Each structure stands twice: as C-alpha cells, then as structure tokens.
Amino acid sequence: MWSAVTAYIARRFAQSIMILLGVTLLAFVLLHLIPGGSARGILGPRATAGQIAAFEQANDLNKSVFRQYVLYLDHLLHGNFGYSYKLNQTVSSVFAQDLPKSLALVGPPTVLALAIGALLGIWQSQRRDKLDDHLITGVGYVLYAMPDFWLAFILIDLFALRLFWLPPIAPSSPSWTAAFTDAKAMILPWATLTLVSIAVFSRYMRSSALDTLSRDHIRTAQAKGAQRGRILRKHVIRNASIPIITLIGLSIPGLLSGAILEEVVFNYPGIGLATYNAALVKDYPILLGTTLVFGALTIAGNLVADIAYAYADPRVRLA
Amino acid sequence: MSINSASQGMLRPAQEEIAEGGEVGVGLHRGELLHDAFWGGRLARIGTTIIVFIVLFCFVGPLLYRTNQTQPDQLLITDPPSSQHLLGTDGNGFDELGQLMIGGQSALEIGLASAFLASIFGALYGAVAGYLGGFWDGLLMRVVDTMLAIPGLLLLLLLAVIFSNSTPTLIIILTLFAWLGPARLVRGETLTLRTREYVQAAKLMGASSIRIVLRHIVPNALGTVVVNTTFQIADAILALAALSFLGLGPPPPAANWGGMLSDGTEYLTAGAWWLVYPAGAAIVITVIAFNFLGDGIEEALGARARS
C-alpha cells in the first residue's frame, strides 16, 4: 500500500515537472512573439539599432533559439528571473517585495470562505429544496456571475462612500504586515474575495454532501438508529471534506486572478498591481516572471491537492 | 437548482438510439430536440426568455430609443437620470441607456464568437487526442495542462499586451484562453466513445481516423459541447469585462459593458451610481441567463458538461 502511494506521488511529481517545463517554454515562446523582437520590446520603441545589437549581444539573443532556451532555463535555475528595465530592479527582488503582500491579501479570505462555504453547503444539504436552500443557491449564482471588480465597487460605494464605515482603499505600506496592523482598511478587499469564493465552495460542498448522504453506509447508519448530528459528524462531514482538499489546490489560479483585479481596485501594492502596471507599460520581464511564479504556484497547488487526496481516498491511487 | 425531468424522460430513448446507431441521424428529432433544449425545463425557459430580451434590447433597442452616441456633449456630462435620459449621461455626455444597448452588442458578439471558435477547436483537439491515445494523447493534453497552469486572467493579460487589442484579436485572445475546457471534456468523452462497438465496427470497415473522429466521435460528444458552449459564452463575457476593466478591452470609441463599468467607477465618488450599477447588472443578468440556458440544455440532453 505504501509503495502504491509512493509510486502515485512519484508519477504526479514527474508530471508536474513536465508541466512546469511547459510553462517555461510558453513564457519563452511569448517573449519571442513580442512584435519587433524581445530586445525592442524590452528597450522600447526609441532604442537605436546599435543599442539593440548591443543588447542582443549581451543577452545571447543572437544565439540559436534552442541555445537561448537552454540559457534561459539555466538562468531560472539560478534564481535569475530577468531584469525589469522599467523599474530598474531585478524581477526576483520585485517578487520578494510584493508576493508576501499578495499572500496576506488572499490568505485570510480563502480560509474564511472555506469555513463558511463548507458550513453553508452542509446546511443546504440538510435543507434540500427548501426555501433557504434555493435562496443560498440563488445568491451564489448571482455572486458567481458578478465581475469581481464590480462587487468590490458596490462594497466601496456602500460602506466607504455612503456609510463612511471603512476606508475605500487598502493600506499602501511597502510592508506585508500592514495588512494586519491596518486591518480595518483590509476588510473590504478581504470581504470581496471571501464572497466570490464562498459561491464556489458552498456549491461544491452541497453536492458533495448530498452525494455522501445518498450512499449505502449512511442508510445503514440511519437504519441502526443513529442520530442526525452523529451521522453528520461521523460520516457526512468526513467524507464530504475530501473534495475540500482538492478545492484548496484548484482554487489557487482563481484566487491569483482575483488578486490582480482586487489589487487594482483597492490600490494594494502586491504582485497583482505590479503585474497590472507592467501590462500598462509593456514591462515584459515582469509579466513573464509573474507567469512563471503563478504557474509554479498553481502546479504546486494541484500537486499538493492530489497527494492529500491520495492519502484521504485510497481509490484514487488505483486509477 | 430544482430538477425538472419532464423533458429528460422524453429524450432518453432518442439518446440511446443515437449511441447504438453510430452515425447521428440528422433531421429526425431536431425540432423536438431544439424545443426541449431551449424550452423544456423551467431554467431553460427563463434563460431563453432573458437572452431573447437582451438581444432585442441590444440590437433592436437603438432603433427605437434613438440617442446621440457620436458627438460628445460638454453640457450633458454625468447628468442624473431624467425623463430625457432615462439612465442619465456618462462622462462624455452620451446617453447611458443608449450606451448600454451598444455596449451589449460588442459583449454578445465577442462572447458568442469566441465561445463558438473555442468549442469547435477544443472539441476537435480533444477528440483527436482521445482517439489517438498513447503518446500523442499525452503530448497534446500536456499542452492543455500547461496553459491551464497559468491563471486565466494573467494569460488574457499577457496575450492582450503582446497583441494589439482590436475586436478580432480580442476574439482570438479569448478563444486561446477558452478552448482548454472543451478540449478536456471532449477528450474524456472520447476515451469512452472510442471503445464502443460502432467505432470498432467503423474501424473494421476501413474508415479513416479522420472520418471516425468527424462522423462518429464528435457528433456523439455534441451534447456536452453544446452545453459547454453556453457556459463558455458566459465566461467570455465576464473575461471581456475584466479585460476591459484593466484597460485592455475593445479600443474606444466602441462601447462595451466592462469598459463602461471601468469608466463609471471614476465617477463613483461623485455619486454617479447610474454609471456603475446598470452596466454591472447587465453583465450579471446576461451571464446568469446563459448559465441557466446551459443548465437547461444539460437537463434536456442528460449530458454532463460541467468540469
């Protein structure tokens, strides 16, 4: 049994490495798709032919494409993600500075949304097809169909501009701890991300709990006279929480996308805002660095989810 | 949502006939099928009604509700709703309700176009990968996995920055981001379809791989694809709104709902609610309508198309 788990993990690990390589290849290809060439893209439209030639010489852009890709991988392995000429900073230093701030933005809402979403989902499974079940599903539908940034503006309009309860922008301090020391300013960004995620989580949890409730062992427990609370605690929640493990891993790309929009709305200086600013001035090294980092985070999330799932549910390993 | 299975029961036998018959007979059940898909269940009926209303609003509306949408008017900037301008005016002095109609046109056109392109390309890609199996399947699907590893909005952002943002390129960019879902779905479906007797029989009779994929596999995965397409339209409208908010949507002067929202937020502190709420509501209603329609068709066809 242990060897089966190990073999499964090894296989998934190898797959993840392949996909990570794929992401580097994609970033590399995109860098070469830049109209006018990557040297022109990085140095800007006013660079002279001489400057471009010198830049290509210095950065091995005149070597063969294959050789360039190998060199690119070599740089990445040494932690060299490139240099942003627009910010006059290495890409890795931008990440070291901004990534913790983005984690402080998406971390608390994820935990909160999971807890609330799971509770709502289980509640709905107990109240199936009753008014409150339909109501929660309906609200979830609307939240799901809402552009994230629009929800943020509604909350800003209501709580900041009309009621004056909360500040309309997030703390802009360069330190990530500001998110917690100035938590009042983080309530709106956190609330927006939480609401958006709850819609997905509760929907998932509801169907998972309903699925579990229809299983034979639940009927057996009911036939033996077990009480509803006991069945919920011992059987339903335990089984239904397996998909939650997967959900955490799979929700990473959505959270990162959400982070870009929220950081722009609330002017929160994390990696999302850095990416947005990079997009505005066509700062390709930052954009491709974000692609790699977000890609790596997503792949790691999927891997961790699969491994956790394999431990929780032995049937997965046989597939 | 509630289960409305009246249409499902009616359709089941037809579905099985298709599965046994192999090549899909066209024409016989088409009318019935269309009726069930768009009007069978309660959800489908609500979705279809709203979509028809939105299409009329966007494309016929401007003919009935005539407004100036070409000459900016300095005297009419951000006027609140009045009897002359039912939803007020925006930062250029354009009538907001009129903008909403025009903005919906591009949202619907771009959303529909990219969803259809993505479904066609994704379905063929997935069917080929699933049918070939082995090494090619592995290679083709790793490409999909790689693109899925990059958060959607970031991928959109990258593509929009690298390619200039005209309407045709926006459609292609949204397609490049959206074909991954259908590719995965159809590939999964193909893995079971290719073991069916009629595919084996076709192979024995000497049918080429192209013929088997086009005549036997894709048509039988069509239900899944159609349902998924409606969800894709909704997703594309949302993605377009996000891109427009980030300033990478259709270039001005073309109005679109996401861009209107983004412009409107600048006037939020001035209390111009009419520039923020109607455009957002239009997006939400449209997205919900297409999701309802998808759920409705899914019920009618008994297909499973949500990943």
Side-chain angles (χ1 to χ4, degrees), chain A residues 15-16 18-23 25-27 30 33-35 41 129 134 137-138 141-142 144-151 153-154 156-157 161-162 168 252-261 264-265 272 275-276 278-280 282-284 287-288 290-292 294-299 302, chain B residues 1-3 138-139 142-164 234-235 237-242 244-248 257-258 261-262 264-265 268-271 273 276-277 279-281 283-292 295 306-307:
Chain A
Q15 248 175 20
S16 301
M18 264 179 69
I19 298 173
L20 193 59
L21 264 176
V23 173
L25 190 62
L26 190 73
L30 285 173
L33 276 181
I34 297 167
D129 284 337
H134 287 311
T137 306
Y141 239 117
V142 173
Y144 183 79
M146 240 185 219
D148 300 13
F149 60 93
W150 188 53
L151 178 62
F153 278 113
I154 292 178
I156 290 176
D157 188 27
L161 301 180
R162 290 180 198 275
I252 287 181
L255 281 167
L256 294 175
S257 290
I260 297 179
L261 290 168
V264 173
V265 171
T275 308
Y276 170 69
L280 290 185
K282 304 210 175 201
D283 189 347
Y284 293 104
L287 286 173
L288 295 177
T290 316
T291 310
L292 287 177
F294 280 16
L297 284 174
T298 307
I299 293 166
N302 287 348
Chain B
M1 299 306 283
S2 70
I3 295 153
L139 186 71
R142 284 304 89 74
V143 173
V144 173
D145 288 344
T146 301
M147 291 191 73
L148 278 175
I150 301 171
L153 187 64
L154 182 64
L155 191 61
L156 283 173
L157 204 67
L158 264 177
L159 294 169
V161 169
I162 292 178
F163 304 104
S164 63
D235 287 351
I237 290 174
L238 277 177
L240 181 69
S244 305
F245 173 66
L246 296 177
L248 295 162
W257 289 337
L261 255 184
S262 150
T265 55
L268 201 58
T269 40
W273 57 267
V276 175
Y277 289 88
I283 295 175
V284 171
I285 291 169
T286 313
V287 169
I288 289 182
F290 279 107
N291 272 309
F292 273 4
D295 283 340
R306 252 191 219 279
S307 47

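Order of the sequence lines fixes the chain letters, A, B, ..., with proteins taken first and strands second; residue numbering starts at 1 for each chain. Basis for what follows: all heavy atoms, side chains included, without hydrogens, waters or symmetry-related copies. Computed from a predicted structure; not experimentally measured.
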task: Considering non-hydrogen atoms only, spot the tightest contact between A:Leu297 and A:Ile252 and give its length.
output: O-CD1, 3.9 Å
message: Looking at A:Phe153, is its backbone amide N or carbonyl O close enough to the side chain of A:Asp157 to form a donor-acceptor pair, meaning the two atoms are under 3.5 Å apart?
response: no
query: Taking B:Ser262 for the side chain and B:Gly258 for the main chain, is one N or O donor matched with an acceptor at less than 3.5 Å?
result: no
field: Set of residues satisfying ring-ring contact (aromatic ring centres under 6.0 Å, His included) with respect to B:Phe290, sequence neighbours excluded
entry: none
Interchain contact, [X] with chain A, by part (heavy-atom threshold 4.5 Å):
X: B:Leu261; value: side chain
X: B:Leu157; value: side chain
X: B:Leu159; value: side chain
X: B:Ala234; value: neither

How about [X] and [Y]: do any of their side-chain heavy atoms sit closer than 4.5 Å?
X: B:Trp257; Y: B:Leu240; result: no
X: A:Leu30; Y: A:Tyr284; result: no
X: B:Val284; Y: A:Pro147; result: yes
X: A:Trp150; Y: B:Phe245; result: no

Which residue out of [options] racks up the most heavy-atom pairs below 4.5 Å with chain B?
options: A:Gly22, A:Ala279, A:Ser257; result: A:Ser257
options: A:Val23, A:Leu292, A:Leu256; result: A:Val23
options: A:Ile156, A:Val142, A:Ile299, A:Leu20; result: A:Val142
options: A:Ile154, A:Thr275, A:Leu280; result: A:Ile154

- request: Between chain A and each of B:Ile288, B:Leu246, B:Thr286, count heavy-atom pairs under 4.5 Å; write down the option with the most.
  value: B:Leu246
statement: Assert top hit (heavy-atom pairs under 4.5 Å, partner chain A, pool B:Leu238, B:Ile150, B:Ile285) equals B:Leu238
Using non-hydrogen atoms only, which part of [X] is less than 4.5 Å away from chain B: side chain, backbone, both, or neither?
X: A:Phe149; result: side chain
X: A:Leu26; result: side chain
X: A:Leu151; result: neither

task: Would you give the length of the straight line joining atom CG of B:Asp145 to atom CG of A:Asn302, rounded to the nearest 0.5 angstrom?
output: 8.5 Å
